[in-house]
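Below is one structure, written out as structure tokens; comments come after it.
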Amino acid sequence: NLSEKLDSVFKKLRGHGVLSEDNIKQTMREVRLALLEADVNFRVVKEFVATVRERAVGKEVLKSLNPAQQVIKVVRDELGRLMGEGEENSLDLAARPPVAIMLCGLQGAGKTTSCAKLALQLRRQKRNPLLVPADIYRPAAIDQLKTLGKQLDIAVFDSQPDRDPVLLCEEAHRYAELNGYDTLILDTAGRLHIDEQLMDELVRIKASLQPREILLVADAMTGQDAVNVAESFNAQLEISGVVLTKLDGDARGGAALSIRAVTGKPIKLVGMGEKLDALEVFHPDRMAQRILG
Amino acid sequence: LSSSQNIDEDLLEELEEVLVTADFGMQTTMALMQSLEKRIAAGEAADPQALRGLLKDEIRQRLRLEAAPLDLERSSPFVIMVVGVNGVGKTTTIGKLAHQFVSQGKTVLLGAGDTFRAAAAEQLTVWGERAGVEVIRQESGSDPAAVAFDAAKAAAARKVDVMILDTAGRLHTKLNLMEELKKIRRVLDRELPGAPHETLLVGDATTGQNALVQARFFQEAVAVSGLALTKLDGTARGGMLVAIGNELGLPVRYVGIGEGLEDLRPFDPDLFVEALFE
Ligand SMILES: Nc1nc2c(ncn2[C@@H]2O[C@H](COP(=O)(O)OP(=O)(O)OP(=O)(O)O)[C@@H](O)[C@H]2O)c(=O)[nH]1
Ligand SMILES: Nc1nc2c(ncn2[C@@H]2O[C@H](COP(=O)(O)OP(=O)(O)OP(=O)(O)O)[C@@H](O)[C@H]2O)c(=O)[nH]1
Ligand SMILES: [Mg+2]
Ligand SMILES: [Mg+2]
């Protein structure tokens, strides 16, 4: 792992004062490799290493930490900071009900499952959520959300696949108002960020419902493409946060850093399994540790 | 790529970036760059154009597979078990395959082997309707091995040409779920000796280096015999196919290029390599 690799780079340095340019060069190479092996985007790694190198050069080698640990600390601190340590990342539901939360993202990322998980979480927080199936394209997508709602005993708006998704969301909003639901969770169809028509659909849903939260749902195993997707969704929708799914796997999850670097938006929730209670708060420091490997 | 007149550090870094951002992964990228530098030192490339040609050649070698289509005549019924992690496109790919086989004059039967995920059987049933083929299913929550058994039995009784069994998405790290997959495979073999004749691992082009880990685990657990890569209609390049091809030598059967019934193509290694540099 990175800690061991840096240890071997610094084997001869213990107690020698300032980190030299040459130690730094070698260690930055190891850090760069570790991040690229974790699927962090090429350009994001370039910028990250430049920042860390600046912080590490000239740093006094503390008596209490050996140089490898010192560099690791700089890396981990900067990584944690980038991941959002100390930042507010709770859901913003401070609006006149019914408050809308829109989930969007690429095909298969885990949106529908995350909508159900979120509904359960909100109900446990004493809210009264309404699940809204707005995916009219994928076979049985509406059935999928209705089935999940039934499992949780949470209301699901009776969407039909022959209705326009924007109209469905508007009808659901009216229905929520009339029936006392305070939160709308909009499950949208998976789509490519390069699909103009479908991206425009999201823009129209946003314009009409003015969701308090627009969450990009992203798969933790996503590779280099994460920057393209996140940049595009953010540019077209101004997302408010990210849900990172399938973190119960063994992907290093570098996509999280890529997404943070290009959007600056908080990772608010993480999916830790297929069960509906597998939704957790995001821990920036834990993610930093995981990415470093 | 660089408009530089000769091969320099900038061009090499540019090539490295092309490989990494196409999700070739660090192992493969470094191996490719090393091979390239050796060949440059041996005077094999005089200019950037020639260098690009060398790189494509190196990639093709690592991909070490010709397009390897399925030989459905090998067995009747020919059983395909479709596996992979969550959300990669297994169910959709099965719908497309059914349509393709039907248009080739084959009779097809589908098995709704995902008895776990909400509305999974319903989803496959719609695809069956679109392709004009029947779907064998049971109640949600039933034993997937029981559906495998039913589907195999029905395939034999009806003398269909192809039976495709859908399975629930599962992370390769969930050992109990991988055991379940092994059990399904045993049930198929018991009911139709030699089945499954193809164990198709479906992967997502947007996946990074975890794709190789997935392939290793699934290969080890259920003897994967072919790959399908989906979502190549997006901006992801699917470069991990090269690492998988190099290490496991798995034939790539199909690529998914969209969400419609017709959006499946046989894998073309030359097109794939060309697209990497677009
Ligand atoms: N292991 C694991 N699986 C997950 C997680 N979140 C979702 N899944 C699974 O991922 C697959 C896809 O989930 P969906 O909710 O259907 O994804 P989606 O984004 O709605 O898909 P589309 O609507 O087709 O774009 C399903 O098999 C889910 O059970 C997670 O956190 N961990
Ligand atoms: N753009 C694009 N989308 C695809 C492709 N293949 C599948 N999809 C979409 O990916 C999403 C997931 O597809 P599924 O077939 O449900 O995936 P799965 O592997 O069966 O998912 P689980 O059973 O939940 O593990 C759906 O929205 C599909 O329409 C493809 O080639 N291109
Ligand atoms: Mg969905
Ligand atoms: Mg499926």
Side-chain angles (χ1 to χ4, degrees), chain A residues 32-34 36-43 45-46 106-113 116 137-151 189-195 218-229 232 245-246 248-255 273-274 276, chain B residues 16-27 29-30 85-92 95 116-130 140 168-174 177 204-211 213-214 217 230-231 233-240 258-259:
Chain A
R32 176 177 182 269
L33 188 59
L36 289 175
E37 285 176 338
D39 288 323
V40 181
N41 180 268
F42 190 90
R43 301 241 162 132
V45 172
K46 199 163 181 162
L106 291 184
Q107 293 89 346
K111 297 175 294 299
T112 305
T113 308
Y137 312 103
R138 168 173 157 157
I142 295 174
D143 283 338
Q144 186 184 0
L145 196 58
K146 284 181 176 174
T147 299
L148 293 175
K150 206 171 280 143
Q151 285 175 16
R191 69 204 63 213
L192 296 177
H193 51 294
I194 53 173
D195 186 326
D219 192 324
M221 63 181 98
T222 308
Q224 297 286 311
D225 201 43
V227 289
N228 302 326
V229 179
S232 186
T245 61
K246 308 177 203 172
D248 46 317
D250 59 359
R252 292 266 291 275
E274 295 196 68
L276 298 179
Chain B
E16 187 192 33
E17 181 168 356
V18 168
L19 295 176
V20 172
T21 55
D23 281 314
F24 268 66
M26 292 319 291
Q27 297 268 21
T29 297
M30 296 196 294
V85 303
N86 308 74
V88 294
K90 297 177 292 300
T91 306
T92 306
F116 168 75
R117 209 211 64 216
E122 284 75 3
Q123 182 188 9
L124 188 67
T125 298
V126 174
W127 281 111
E129 286 165 2
R130 289 178 178 181
S140 171
R170 68 204 64 220
L171 296 183
H172 50 285
T173 47
K174 313 254 158 119
L177 296 182
D204 186 327
T206 66
T207 303
Q209 291 159 93
N210 199 245
V213 183
Q214 292 170 23
F217 270 74
T230 63
K231 307 178 196 173
D233 46 317
T235 49
R237 294 291 154 91
M240 284 308 290
E259 301 188 71

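Proteins get letters first, then strands, A, B, ... in listed order; numbering begins at 1 in each.
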Q) Taking atom CD of B:Gln27 as the centre, does the number of heavy atoms from other residues, nucleotides or ligands within less than 6.0 Å exceed 12? A) no
Q.
Let's go through A:Gln107 and B:Thr92 carefully: what are the C-alpha distance in whole Å and the side-chain angles of both, what is the deciding distance for side-chain contact (heavy atoms from CB on, under 4.5 Å) to 0.1 Å, and is it a yes or a no?
A. CA-CA 11 Å; A:Gln107 293 89 346; B:Thr92 306; over 6 Å; no
Q.
Please rank B:Gln209, B:Met26, B:Arg170 by heavy-atom pairs under 4.5 Å with chain A and give me the top one.
A. B:Gln209
Q: Show the numbers, then the answer: is there a salt bridge (charged side-chain N to carboxylate O under 4.0 Å, His left out) between A:Arg43 and B:Glu17?
A: CA-CA 9 Å; A:Arg43 301 241 162 132; B:Glu17 181 168 356; 2.7 Å; yes
Examine whether an atom of [X] lies under 4.5 Å from a heavy atom of chain B, and if so say whether it belongs to the side chain, the backbone or both; otherwise answer neither.
| X | answer |
| --- | --- |
| A:Asn228 | side chain |
| A:Leu192 | side chain |
| A:Leu106 | side chain |

Check whether any side-chain heavy atom of [X] lies under 4.5 Å from a side-chain heavy atom of [Y], and answer yes or no.
| X | Y | result |
| --- | --- | --- |
| B:Glu122 | A:Gln144 | no |
| B:Thr173 | A:Asp248 | no |
| A:Pro139 | B:Arg130 | yes |

(Q) Testing B:Val88, B:Leu171, B:Val213, B:Asp204 one by one against A:Met221 for a side chain to side chain contact (heavy atoms under 4.5 Å, CB included), which residue passes? (A) B:Leu171
**Q.** chain A contact via B:Met30 - which portion, at a heavy-atom distance below 4.5 Å
**A.** side chain
Q.
Please enumerate all residues that pass salt bridge (charged side-chain N to carboxylate O under 4.0 Å, His left out) together with A:Lys150, with sequence neighbours excluded.
A. none
Q) Residues two or more places apart in sequence or in another chain: which of them pass salt bridge (charged side-chain N to carboxylate O under 4.0 Å, His left out) with B:Arg117? A) none
Q. Thinking salt bridges, do B:Glu259 and A:Arg138 make one under a 4.0 Å N-O criterion?
A. no
Q: Measure the NZ-CG distance between A:Lys246 and B:Asn86 for me, rounded to the nearest 0.5 Å.
A: 5.5 Å
Q. Which pair of non-hydrogen atoms, one from A:Asp39 and one from B:Asn210, has the smallest distance, and what is that distance?
A. OD2-N, 4.2 Å
**Q.** Nearest heavy-atom neighbours spanning B:Ala119 and A:Ala140
**A.** CB-O, 3.9 Å
Q) Out of B:Thr21, B:Thr206, B:Thr235, which residue meets the side chain to side chain donor-acceptor pair (under 3.5 Å) rule with A:Asp225? A) B:Thr235
Q: Please check if any side-chain donor atom of B:Asp23 sits under 3.5 Å from a side-chain acceptor atom of A:Gln224, or the reverse.
A: no
Q: Output the option from A:Val227, A:Leu33, A:Asn41, A:Leu148 having the highest count of non-hydrogen pairs under 4.5 Å with chain B.
A: A:Leu33
